[in-house]
There are 2 protein chains.
Amino acid sequence: MDVRTLCLGALMGGEATGYEIRKMFEDGPFSHFQIASLGSIYPALTKLTQDGLVTFVEHEQENRPDKKIYRLTSDGRQKFIRTLLQNRPAEDRYRSDILFTLTFAEELPIELTEALIDEFSVRYETMNNLIDPNNPDKDDCASGPGRDDDGNIKPGCKFVAGLGQAMCDATVKFIKDNKQDLIKDLKTFKSNKS
Amino acid sequence: MDVRTLCLGALMGGEATGYEIRKMFEDGPFSHFQIASLGSIYPALTKLTQDGLVTFVEHEQENRPDKKIYRLTSDGRQKFIRTLLQNRPAEDRYRSDILFTLTFAEELPIELTEALIDEFSVRYETMNNLIDPNNPDKDDCASGPGRDDDGNIKPGCKFVAGLGQAMCDATVKFIKDNKQDLIKDLKTFKSNKS
DNA sequence: AACGACTATATCAGTTCGATATATGCTGAA
DNA sequence: TTCAGCATATATCGAACTGATATAGTCGTT
């Protein structure tokens, strides 16, 4: 899904700055299943403004660029819903440098392999906490789309967050159950190659 | 990880054509945790050849471009191992159009939501079968890196495949356990908004 | 005091991808 | 029998995306 559509989605929950939209994707409600960087968010917002799908209000700031607060127009909201209804969603895409590296574990020092696996596990525990809708450390952007007026998480977001957490749990559990066997097998593999 | 490094990794198991390397990423051993397309594989192979990291032999073919079979040079193999040892692996990156769309489930017809969830589940069951090292339908490229000379899967690949399958299992299970609750909550949510 | 993170806007060089071009053979459905 | 889709091969390119950079202050930690 292109970044203009992602930005429209980000604004479905209310107004936001470009910086806030980026936060939604970096460690907010979209962080575990979409990616959008500043390098594409600002051009996308510019394009959406030109197309009449969003509008913005500017607030002067001292010593900083003026703050631009974007919101959807009626056309923008309709365009977004239409896009969700009509477009066939692309295949999921997953990239993992650690998993790629572990594919070649036999060529690596066992200490590095252990360190990579531990780093991988920590990252997924951290992500689990980030996803958790009940996480008290979470500072959801007020304009995030996932909560209704009473602050309750919406069913769709709850489902998606739950699924994200299930993936994280499974990852951490698999590592807990299988790391030592891997280390053992690697030692055997290496001694057989000597 | 850039596509040149991915190509070096792909050639760690032996010689391969550009087309075969693409297959390794599309539905072969790397398919569930890395992505590389023809648009970047061929330029990468050209660059690696210029840099002396790979070399190729050309076989004439009728009615087709001549087949180029690439293999690592000694420099190429060393460069690859050095890259794995020295580079800090980037954060995992996951993109899911379906999960993004489901975040806005409240705005969609319930039939579409159900269809998306079912599609998502089917994709992960399919991926599970694709990953399975014991899948008899799998036609691993002979030059894939994951097996030793006896055809046994290597420990690193086995671990990574197992983890991939655990993620798929968790996904399918979560959907099985939670889909009906989501549908019910959506119906409640929509009737409360009327 | 220094440094890193945060808050704001924006741009750009480099990288990547999906579509396209070329062209045949194979397979299955109509 | 015909046709469409897929497989097998090489390669290119326009469009999209990213990470670094620029600008510049504030805040908290070491």
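Numbered from 1 within each chain, the chains take letters A, B, ... in sequence-line order. The model shown is predicted, which means the values in this text are computed figures rather than measured ones.
Nearest-nucleotide assignment on DNA chain C puts the 5′-proximal partner with A/P65, out of A/P65 and B/V3. Each of A/R64 and A/P43 was matched to the nucleotide of DNA chain C holding its nearest heavy atom; the match closer to the 5' end belongs to A/R64. Position along DNA chain D of the nearest nucleotide to A/I41 versus A/E62 favours A/I41 as the more 5'-ward residue. When each of B/L38 and A/R4 is assigned the nucleotide of DNA chain D bearing its nearest heavy atom, the one mapping closer to the 5' terminus is B/L38.
Note on A/M12: it clusters hydrophobically with B/L112, by side-chain heavy-atom contacts below 4.5 Å among ILVMFWY residues.
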Point to revise | Verdict with supporting geometry, B/E106 and B/K190, salt bridge (Lys or Arg N to Asp or Glu O under 4.0 Å) | key: CA-CA 7 Å; B/E106 298 75 25; B/K190 289 180 192 241; over 6 Å; no
Check your understanding: Where do A/E107 and B/R77 land on the salt bridge (Lys or Arg N to Asp or Glu O under 4.0 Å) test, with the steps shown first?
Key -> CA-CA 11 Å; A/E107 316 289 341; B/R77 184 185 168 85; 3.0 Å; yes
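Looking at heavy-atom distances under 4.0 Å, A/T17 makes contact with sugar-phosphate atoms alone, never a base. Across all strands shown, B/Y70 has heavy atoms under 4.0 Å from sugar-phosphate atoms exclusively, and none from any base.
Using bins of under 30°, 30° to 60° and over 60° for the plane-to-plane angle, the ring pair B/F30/B/F33 lands in the perpendicular bin. Below 30°, between 30° and 60°, or above 60°: for B/F80 and A/F100 the angle between ring planes is above 60°, a perpendicular geometry.
Of the candidates A/V54, A/I41, A/L53, A/L48, A/L48 is the only one forming a side chain to side chain contact (heavy atoms under 4.5 Å, CB included) with A/R4.
Heavy-atom contacts of chain B under 4.0 Å fall on DNA chain D between two terminal nucleotides, which in 5' to 3' order are D/dA7 to D/dG19.
Distance, A/D66 CG to C/dT9 C1': 9 Å, rounded to whole Å. In this structure, A/Y42 places its OH atom 12 Å from P of C/dT7, rounding to the nearest Å. With rounding to whole Å, A/Q61 atom CD is found 14 Å from C/dA10 atom C1'. In this structure, NE2 of A/H59 is placed 11 Å from P of C/dA8, rounded to the nearest angstrom. Look at CE on A/M1: it is 19 Å from P on C/dC17, rounded to the nearest Å. Summarising the geometry, the separation between NZ on B/K67 and C1' on C/dT22 is reported as 18 Å, rounded to the nearest angstrom. As a whole-Å value, the separation of A/E20 CD from C/dT7 C1' is 10 Å. Atom CD1 in A/I35 sits about 19 Å away from atom P in C/dT15, given to the nearest Å.
For A/Y70 and A/F56, the ring centers are positioned less than 6.0 Å apart.
Near DNA chain C, defined here as any heavy-atom distance below 4.0 Å, the residues from residues 76-99 of chain A are A/R93, A/R95, listed numerically.
Salt bridge status for A/D51 with A/K79: absent, with no side-chain N to carboxylate O gap under 4.0 Å. Ion pair B/K23/B/D27 flagged as a salt bridge, since at least one NZ, NE, NH1 or NH2 atom sits closer than 4.0 Å to an Asp/Glu carboxylate oxygen.
For B/S40, no side-chain nitrogen or oxygen approaches OP1 or OP2 of C/dT16 to under 4.0 Å.
Between A/V57 and A/K67, every side-chain heavy-atom pair lies at or beyond the 4.5 Å cut-off.
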